[in-house]
Amino acid sequence: MSTRLPNAGRLLNRSKAVEFTFNGKRLKGFEGDTLGAALLANDQMMVGRSFKYHRPRGIIASGAEEPNALVNMGQDGRFEPNQRVTTTELFDGLTATSQNHWPSLEFDVGVANNYVARFLPAGFYYKTFMAPRAAWKHVFEPIIRQSAGLGKAPKDRDADRYEHFYAYVDVMVIGGGIAGLQAAKAAGDSGAKVLLVEQTRHWGGRAPVDGAKIDGKPADEWITETLAALAAMDNVSVRTRTMGSGVYDHGYVLAYEQVADHTPGDGRPRHRLWRVRAKQIVTATGAIERPLSFAGNDIPGVMLAGAVRDYAINWGVSVGDRSVVVTNNDDAYRTAITLKEAGLDIPVIIDARAEANGDLPNQARALGIRIETGKAIAKVKGGKRVTGVAICQQAGEGAVLEEIACDSVAMSGGWSPVVHLWSHCGGKLIWDTEQAHFRPDADRSPTGADGAAFVVPAGIANGAMGTADVLVDADKAGKAAAKAAGFTAKRTAAPKAVQVDEAALSPVWIMPQGAGPKARMKMWLDYQNDVKVSDVQLAAREGYESVEHTKRYTTLGMATDQGKLSNINGLAILADSLNADIPQVGTTTFRPPYTPISMGAIAGEARGEIFQPLRKTPIHGWHEKNGVYWEPVGHWRRPYCFQRSGESVEQAVHREVKNTRENLGLLDASTLGKLVVTGPDAGRFLDMMYTNMMSNLKVGKCRYGLMCSENGFLSDDGVVARIDEDTWLCHTTSGGADRIHAWMEEWLQTEWWDWKVYVANLTEQFAQIAVVGPNARKVLEKLGGMDVSKEALAFMEWNEGKIGGFDARVYRISFSGELSYEISVPASQGRAFWDALHEVGAEFGAMAYGTEALHIMRAEKGFIMIGDETDGTIIPQDLGLNWALSKKKEDYLGKRAQQRSHMTDPNRWKLVGLETLDGSVLPDGAYAIAPGNNDNAQRNMVGRVTSTYHSPTLNRGIAMGLVLHGPDRMGEVIEFGKTDQTMVKAKIVDPVFYDKDGEKQNV
Amino acid sequence: MLTLDCPYCGVAAEETELHGGGEAHLKRFGPASSDEDFEGYLFMRENPKGVNFERWRHVNGCGKWFHAARCTMTLEVFGTYSAQTTEPPKALLAKIKKKRPQWPGYGAEK
């Protein structure tokens, strides 16, 4: 069984016990534990079920590479799935539950997959679900949906907060092992601004566990001294619990700080995303141990040798009383020696190499440990826990020589440098045959804006394997980074360490070498995705030669661990199957993040009210107090309508329309874009921007204009007023102001830069109120000031002056068909003017109306709305707006495109009005159906609804739509499909439903 | 995430401050142009693996458009320059040619 050793655990605070629960069971650990260490200390070896076959799975690693031990952490607003127990710090009150099983971890129904595993090989999904088509929807998809995914998605709103942090440094060092510390020190000594981050809570990495001695001192002492030296430098900052997540273009780094995961609810942000710009980046990211591929290498109790050592030394946990060590290298002997010295039993070390005569094997021998060279594990025995191993010759086919009882297996297939961050931004790798791993190729590093390398690998991450080499390499890396960042490194010597000579490893990709198919089906490569040696071999046989294809076909290296353990073993198997060299096959692409980071951290503060800024008109406060029903328009909120007590939204809208048509409506139109275009060439410029002629507009007059893109498509519309000889005021749609402003700037800056024109966006400088209805003139006359009579201010004219004491610019324009004045006043006077209109207008039936009433009234008049009648594929000609396309002008934006054959095709759908025969409202977006099918076996379509409303004025449904040959088919009845599969008949009519001659607005 | 020096305000701008505007130095073709010319102007774009000339706007900054010469493969930035020109500055072209002797030169791919 796994248990806590007495008096051990360098990271533990034994005086502080911590309570936690796992699957509801109350368990105890110590401060300093990871959840993984505490689970093992409580003999909880099995912690989950595998993804595909639901096999029992235990903890295999001690760090970020852990593929199996993923749990649901926390509850309610702090629930989070797929948390690795090996990187989760234990705290009092922690709750965790295991994943991927039903009904319980111990007894799981899905394990049936395990017994039919033979029928679930690589690509099973792709092969099985092709046919019959109906089976996909009714059989396969429901089953896959049931079993898909690892943990459960959280249901509650996240209770925590997150933040972003920006940092600009000369040198960023990622990884706080001895390499990272030394690199930071070397860089810091030069005066460079250095940021050093370490993903765990502790500094120093594996050196203390491996018993390294540096400058004659135990590693722990050297680490403490170096940290003190770094703390004394003002130019160096250090952070633990901060993972270098990704390296991006031009020295951009994302780092992920787990600020309060171990102190939930203490008010601090849970995670902090560091957005760092570094001139140089040192990746001191260490190495990850590789598993060995032998049958049953996934049974709980089989662990990485380095992890077994970590648990013993760091957390005082023995994972088994009798541990078999299996290896192809010298390093794993350290585990055997550690366990033996802790008083535990090591029945045998199985070494696949022909001989083992290095310092470490000799030390093990001296301790009386039996060493079997040239041997392999034929099979691990056990189900939910290792009970023993069968030994065979590595060179043979697996004939069992001997069975040895044990309760854990410590395996080591050698170490692979963590090259992820080096590779993220294009750093290339080189295959080191001697070490059988990929390491950074210093000649092909990621390059920055200046074309020079900006990432420097250091220590084991750079393939320097022994302690002495690591320190020399890291010192060099730190100095090189400082120099590249423009500093002069101090001439200091790297710390000296005793290097234990280790004999070369022997690459072992399958154990034993000649294992048969049955054994290969039980050799796990990717534990998280249940990919075995046999799956990769099958993929190769089926023609998957590219490692990227094999990855997707077999799922090797997918999901949360992204192949940290499986990568090299998997591609070695693939290379072997293809009779190719490993470097020829290459690796899959390393992509950020290094380990998953929370969505909360990515969002940072941008959630809820501050997700995006809310723009408010000067009259916003009045709306809030008067029953407003909001509608988002761009970043604005606009009143859709104002509800009175007991009124539905629809009733409110109808009341507002009726009152505006009969009495007096007031609309807050402040959101309308107001762009002032001025300068000697302004008229010439607007002639290019608009399809109409604007240069010949007379001062004091208004003109409705259209803007198109160079593709010819209608992009925006609005009324333009000529203010003076050089100045025009262009109204845009509410959502379009910023876009059109940018559009004008783009042309002025990049095409016609010699034209003398300025554009200013004055949208927020003015409040604008539409005073609409038969009583519109009366209320303005009562307010007094400017003459607003028909004679003084005719339709499509504007004037400036005082109204009721307010500084007003009055445009006689109408989007409703009624007598209408749009009055703009300085924003600061907007609310007072609005209040005055209500007060004085009370006797004339003044009533605010919202955007829906506005929309209905414009539809009754057949006016188009950008975004309803247009969708980025519609040209003015489609909408019958040919009158607004100047024939006098040689050119305007979009004119050439509108001459293209597709644009002049008489079969383009054209705008018409639509009236249902039964008076009902057509569904928005409904399509008109014609007989026959198209090439995709869909019904032929001859039109669609673009705007549709119940008109309270006409008391019936009215709509506009685009219909094939529509304007030539007046009076024809066509059919529209509804979502309930029924059809509705509608007559093609003129789009102007109300006051066709415009008599009401022209009074 | 790129950083580009805005030639107007002098800020080393991060990509979040910038808005990409596609290929640089397009010649506009209007109503009298041939179908082929117009198609080239509206649709056909260079997509080189290597030296590329681009339009950018310092949208969350000074608001000005500018040009950048950049390697699409290594992300090396050779230089940024005014938007008010129909071709890259000669000095910049010489600089690129010096750094990339294999490069066929501006406009040679077309």
Side-chain angles (χ1 to χ4, degrees), chain A residues 164 166 168 246-254 275-277 279 425-426 444-454 592 688 709-713 738-739 741-743 745-755 759-761 887 889-902, chain B residues 1-5 8 12-16 18-19 21-35 37-39 41-43 51 55-60 62-80 82-86 95-96 98-100:
Chain A
H164 287 183
Y166 294 80
Y168 295 83
V247 171
Y248 306 81
D249 312 344
H250 293 182
Y252 186 61
V253 181
L254 285 185
R275 306 173 66 165
V276 185
R277 282 280 177 188
K279 287 186 188 148
C425 202
R444 294 183 295 161
S445 56
T447 52
D450 55 0
F454 73 89
M688 288 304 295
S709 66
E710 275 286 65
N711 279 292
F713 299 127
D738 296 329
R739 179 174 52 89
H741 182 206
W743 175 241
E745 281 292 335
E746 181 176 349
W747 285 99
L748 284 173
Q749 290 183 34
T750 68
E751 186 70 22
W752 303 307
W753 58 77
D754 51 336
W755 294 10
V759 181
N761 184 350
K887 298 201 177 50
K889 291 194 297 191
E890 268 177 31
D891 196 2
Y892 58 80
L893 296 181
K895 184 177 170 92
R896 175 62 183 85
Q898 288 162 6
Q899 298 164 351
R900 296 172 64 221
S901 59
H902 175 64
Chain B
M1 199 158 68
L2 305 176
T3 40
L4 297 174
D5 292 330
Y8 290 94
E14 278 211 340
E15 207 169 319
T16 51
L18 302 168
H19 174 75
E23 187 177 331
H25 309 306
L26 291 176
K27 178 173 161 39
R28 181 172 184 267
F29 285 91
S33 60
S34 69
D35 278 353
D37 281 344
F38 188 65
E39 181 197 27
Y41 158 58
L42 200 57
F43 299 117
V51 179
R55 303 186 328 139
W56 290 86
R57 187 183 182 209
H58 194 188
V59 62
N60 293 316
C62 68
K64 296 296 186 195
W65 282 91
F66 62 90
H67 285 123
R70 192 171 71 87
C71 175
T72 57
M73 194 169 56
T74 66
L75 308 182
E76 180 171 1
V77 180
F78 303 108
T80 54
S82 166
Q84 280 105 53
T85 173
T86 54
K95 181 182 168 189
I96 299 170
K98 201 173 164 194
K99 284 196 161 194
R100 303 281 167 99

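To find a chain, count down the sequence lines: A is the first, B the second, and so on, and within it residues start at 1. As the structure is a prediction and not an experimental result, all values here were calculated from the model.
- Under the 3.5 Å distance criterion, with hydrogens and angles disregarded, no donor-acceptor pair is assigned to the side chains of Tyr252(A) and Glu15(B).
- We find the CZ-CE distance between Arg277(A) and Met1(B) to be 5.0 Å, quoted to the nearest 0.5 Å.
- Using a 4.5 Å cut-off between heavy atoms, Asp450(A) contacts chain B through its backbone alone, with no side-chain atom that close.
- For NE2 of His19(B), the number of neighbouring non-hydrogen atoms (other residues, nucleotides, ligands) closer than 6.0 Å is 12 at most.
- For Tyr41(B), the part sitting under 4.5 Å from any heavy atom of chain A is the side chain, from C-beta outward, and nothing else.
- Using a 4.0 Å cut-off between a side-chain N of Lys or Arg and a carboxylate O of Asp or Glu, Glu710(A) and Arg28(B) qualify as a salt bridge.
- Heavy atoms of Leu2(B) lying under 4.5 Å from chain A belong to its backbone as well as its side chain.
- Using a 4.5 Å cut-off between heavy atoms, Phe66(B) makes no contact with chain A at all.
- Using a 4.0 Å cut-off between charged nitrogen and carboxylate oxygen, Glu746(A) and Arg55(B) count as a salt-bridge pair.
- Both the backbone and the side chain of Ser33(B) come within contact range of chain A, each with at least one heavy atom under 4.5 Å from a heavy atom of that chain.
- No side-chain heavy atom of Lys64(B) sits under 4.5 Å from any side-chain heavy atom of Thr750(A).
- Counting only distance, with no hydrogens or angles, the side chain of Gln84(B) and the backbone of Trp753(A) share no donor-acceptor pair below 3.5 Å.
- For the pair Glu14(B)/His250(A), no side-chain contact is recorded, criterion being any heavy-atom separation below 4.5 Å from C-beta on.
- Contact check for Phe29(B) versus Arg896(A): no side-chain heavy atoms found under the 4.5 Å cut-off.
- At a heavy-atom cut-off of under 4.5 Å, chain A is reached by Thr74(B), Leu75(B), Glu76(B), Val77(B) from residues 68-77 of chain B, listed in order of number.
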